[in-house]
Amino acid sequence: MKLIRSFVVDFSGVILIGFFLAFMSFINPINESLSGAIPNSFLNLNTIFMSIIIEALPFILIGVIIAGFIQMFITEDHVKRWMPKNKVTAIFMSCVIGSLFPACECGIVPIVRRLIGKGVPLYAAIGFMLTGPLINPIVIFSTYMAFGKDLEIALARMGIGFVAALVIALIISFLFKNNQMKQKAYLMSTATNITGQPFLKRLDGMLKHTIDEFFDMGKFLIIGAFLAAFVQTYVSSKTLLQLGDGLVSSTLVMMGLAFILSLCSEADAFIGASFKNVFSRTSILSFLVYGPMIDLKNTLMLLAVFNVRFVVILVSTITVVVFSMIIMTSGLIGG
Amino acid sequence: MSFNLQQALKAFILLMFSGLIIKFHLTGEIGKLINQDYNLLSKIAAAIFLFLFIMQLPRIWTKEHHHDHDHECNHSCDHTHVDDQKPFVKIISYIIIVFPLVTGFAIPPKVLDASIAEKKGVFLNKANVVEQQDKPLENSNDDTSEPSLSSSDQNSNPTDQTNGTEEVHELPVQEQIDPEKVLVPMIEEILKEPVIQMKAGNFVIYGDTIHYDPEKFSGKEITLKGFVYKEEGMTESQLVISRFVITHCVADASIIGFLSEFKGAKDVKEDTWIEATGIIDVFDYGSLKLPRINVTEWKIVDEPTEPYVYP
């Protein structure tokens, strides 16, 4: 029976590949005739959309693989052992770990979901989620380079980001008692069956989780990418400029832009830098700090995982804290 | 054994994602989407998708008819995976996931054009700004707006052009673009050439340098290739010869170009690729000095196989 099954599996693989090749040969003629018929702006939109997707795919894959890994190889016991009991210490520690962990926002929500499932307290997971995409060697370096070897802005980004993350996580720890995950998301989360399972079986399970996770989270990447591409294609930056003049409104505009564009934190430094002569340094800094913490793509993913009320409060808290910190430090940065 | 359609669908989708990335690489269209430096990363992604596809196959055929709980975590998983959603939501989810596959295969990526340039707006070159301009750019009434690059500070080797008609200037790897340290020495280098040849490999660095200190280049002859872009408010004899600069992926594209003047400019349509030769002169834009090319000869050319430039 096993033999037959494995034969059938392989055979299905071949069939699917066959479908795929047939599809490929079929699609080319359509390609040519379509490109004439489609409006130019949509072609541009599609190109930008595709580019964001192709760019982000490796990172989301990394994120879901790590999420799968956490699911299968990290147990509740592990977490209990490492997590400090004291709230403040826990928050601090999670922010530090997040800073060392090179994550993209595309991949962070699956990871956070798993961590909470394994018993990491909500506030610590949030601290990790905020610092992960924002503070890591890649982002520090790209910020430094994007502004012309500008150490000050790279450090300001990280410094403000870290402090803001601490504050936000602290606030969350006071406001919320339980883990705020949507009920069905939390059901049946982690039994300890995984310990004692042979490695290969665990690996197998991990991959299956990875695949499922990809399907869950991938759609948010796609929606976010589409919206960002849409804004790029149809919204002129002149419109944005007219909105933002003066410290407060320009900061708000940049934060709004960061939210909508949903860029990956590795690249957003360059986008931010491109606004250098149009918006003040302070408002660009807000773009740089806010974007990696929360954006449209992220928010959609969070809504899939957490209670709506929590997500709303989280996003508001992040917005208020980042905004206030930027305004307060604006004098120091000279923007 | 029973056949599980959803799992089969997932397997197919994984295969298609891999195929999409591979297709872009094979057709070379990947260059229209992301910066070449990231090619390896996306190839790895394609490989991972293939691997996941293979791992997904066994799930298509399950031993008994039950939903796929036989993955080895039994009850240690949460059940928000697609399997458990209501049918309608499931269908929407699949449509969303499949959407980029459909558009990716059916609609070819397009080289960005002047309409995008217009949306992205025209920013002053940051290297050129002597004092911080806090006021927003004037819009349409401004007829001397100078489109230039804004985010070019990155170190990387300029992409090698496989297109035989464009040689590449091999520049040393830029560790920084600190104007004092990098652009100023470039001035000397550029001035050594009898005619400044702008090529894909040097477009960004030369462009930056010339915009940084245009007066040093006044009177110098220059040749360049780019697409035509016209800003609102430009006169009949003005247009911008531009290129798109890609840092990461085309979503972060920005424009670099030179304001150019010649009599027939109004007859040249936007998005036309032209090659032009002319003399640089300098004009005032507020308190800034910006370069302008007085074109002496020009001709229409085909869009190069590598239209974008990289920092």
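Order of the sequence lines fixes the chain letters, A, B, ..., with proteins taken first and strands second; residue numbering starts at 1 for each chain. Bear in mind the structure is a predicted one, so any value in this text is a computation, not a measurement.
B:Phe53 meets the ring-ring contact (aromatic ring centres under 6.0 Å, His included) test with no other residue; sequence neighbours excluded.
Annotation: maximal heavy-atom pairing with chain B below 4.5 Å, among A:Ile53, A:Ile17, A:Thr210, occurs at A:Ile17. Comparing A:Val9, A:Ile222, A:Ile211, A:Leu207 by heavy-atom pairs within less than 4.5 Å of chain B, the highest count is held by A:Ile211. When the candidates B:Phe49, B:Phe24, B:Phe3 are compared by the number of heavy-atom contacts under 4.5 Å with chain A, B:Phe49 comes out ahead.
Nearest heavy-atom pair across B:Ser42 and A:Pro58 is CA-CG, 4.2 Å.
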Exercise for review: Output, in order, the C-alpha distance, side-chain angles, deciding distance and verdict of side-chain contact (heavy atoms from CB on, under 4.5 Å) for A:Asp10 and B:Leu57.
Suggested key: CA-CA 8 Å; A:Asp10 292 341; B:Leu57 284 177; 5.8 Å; no
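Looking at B:Ile44, there are no atoms closer than 4.5 Å to chain A (heavy atoms on both sides), in backbone or side chain. In this structure, no portion of B:Ala46 lies under 4.5 Å from any heavy atom of chain A.
Annotation: side chain of A:Ile65 is in contact with side chain of B:Ile48 (closest heavy-atom distance under 4.5 Å). A 4.5 Å side-chain heavy-atom check between A:Asp212 and B:Arg59 finds at least one atom pair inside the cut-off. The side-chain heavy atoms of B:Met55 and A:Lys208, taken from C-beta on, include no pair separated by under 4.5 Å. Side-chain contact check for A:Phe11 versus B:Trp61: every heavy-atom pair is 4.5 Å or farther apart. In this structure, the side chains of B:Ser93 and A:Phe215 stay at 4.5 Å or more apart for every pair of heavy atoms.
B:Thr103 OG1 to A:Phe226 CZ: the interatomic distance, rounded to the nearest 0.5 Å, is 8.5 Å.
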